[in-house]
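Working notes for the structure below.
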Amino acid sequence: MTEHLTIIDHPLIQHKLTLMRRKETPSSTFRQLLWETSMLLVYGITQDLPIADVNIETPLCQTRSPILDGKKLALISILRAGNGLLDGILEVIPAARVGFVGMYRDEETLEPVEYYCKVPAELDKRLVIAVDPMLATGNSSVAAIDRLKKEGAKELRLLCLLAAPEGVARMKDVHPDVPIFTASLDEKLDARGYIVPGLGDAGDRMFGTQA
Ligand code: URA
C-alpha cells in the first residue's frame, strides 16, 4: 500500500528546489529548473510500477528482461502551472496520454473555478497522475481530482513540487485513496493562501506574469 504522502527528497531535487525558491531566480531559469526537477520527481512517483520479464535478443544472446507491465499512464496537467511539470515528465514517459483540467483560484474566496477539461479516453483503465506544482489549500487539487473521478479515473496519484500541511490534510480528508508525492512539505499557508516559505506563485514565476 502506497503511503498517503511521499516526500521525494533526493539531494538533486532539494538543491534545485532551493534555487527555485530564491526570489531573484529569473523565469527562464525557474522554468529550466522545474523541467529538470520534474524528470527527477518522476523517478519517485513511478518507483513501484509493475514490471514483467519478456524474451528479447541482444546482439549476443537471448535473455529475459523486464519491461513495464501495468496500466498505461495518463498525465493530467492542472492548468496553468501544471504544465511546468508536464513537459519534463513527458521527456521520461513519452508514451503517456495527456489531459488538462483548467482551474483558476478566485483570489477572494480562494475557491477553484474550472474553465477547461479535456482528458484521454478510458481513464478508468489508466494510472492517472495529476500534476500541479503547488498543493496549497488543496481546493483546486480536490476539485480537479473530483472531476477526474467523474471522468472515470479510478487509480490516481497527485504529483506536486511543494505541499502545505493544510492541502495535504484536505486531500486526505476528501480523497484518501489518492497518494500525494512532493519534493517538500512546507511549513504553512499565509493569509492569502500562499505556501510559506514556498516560492511565490508558481505560474507567475514560470511565465513572468507579475513583476
Ligand atoms: N499557488 C501558488 O502558485 N503558490 C502558492 O504559494 C500557493 C498556491
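Note that this is a predicted model, so its numbers are computed, not measured. Each ligand, and each atom within it, is numbered from 1 in the order the structure gives.
Using a 4.0 Å cut-off between charged nitrogen and carboxylate oxygen, Lys188 and Glu166 do not count as a salt-bridge pair.
Each of Arg105, Met134, Ala136, Gly193, Tyr194, Ile195, Gly200, Asp201, Ala202 has a non-hydrogen atom positioned under 4.0 Å from some atom of ligand 1.
Formation of a donor-acceptor pair under 3.5 Å by the Thr25 side chain with backbone atoms of Phe30 is not found in this model.
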Query raised in the report: Which is it for Arg170 and Val142 under the side chain to side chain contact (heavy atoms under 4.5 Å, CB included) test, yes or no, and what are the steps along the way?
Result: CA-CA 8 Å; Arg170 178 135 161 74; Val142 162; 3.9 Å; yes

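For the residue pair Thr29/Arg205, the side-chain donor-acceptor check at 3.5 Å is not satisfied.
Sorted by first and then second residue, the pairs that involve residues 60-72 and meet salt bridge (Lys or Arg N to Asp or Glu O under 4.0 Å), not counting sequence neighbours, are Lys71-Glu155.
The cluster map of Ile, Leu, Val, Met, Phe, Trp and Tyr, joined by side-chain heavy atoms under 4.5 Å apart, puts Leu49 and Leu156 in different clusters.
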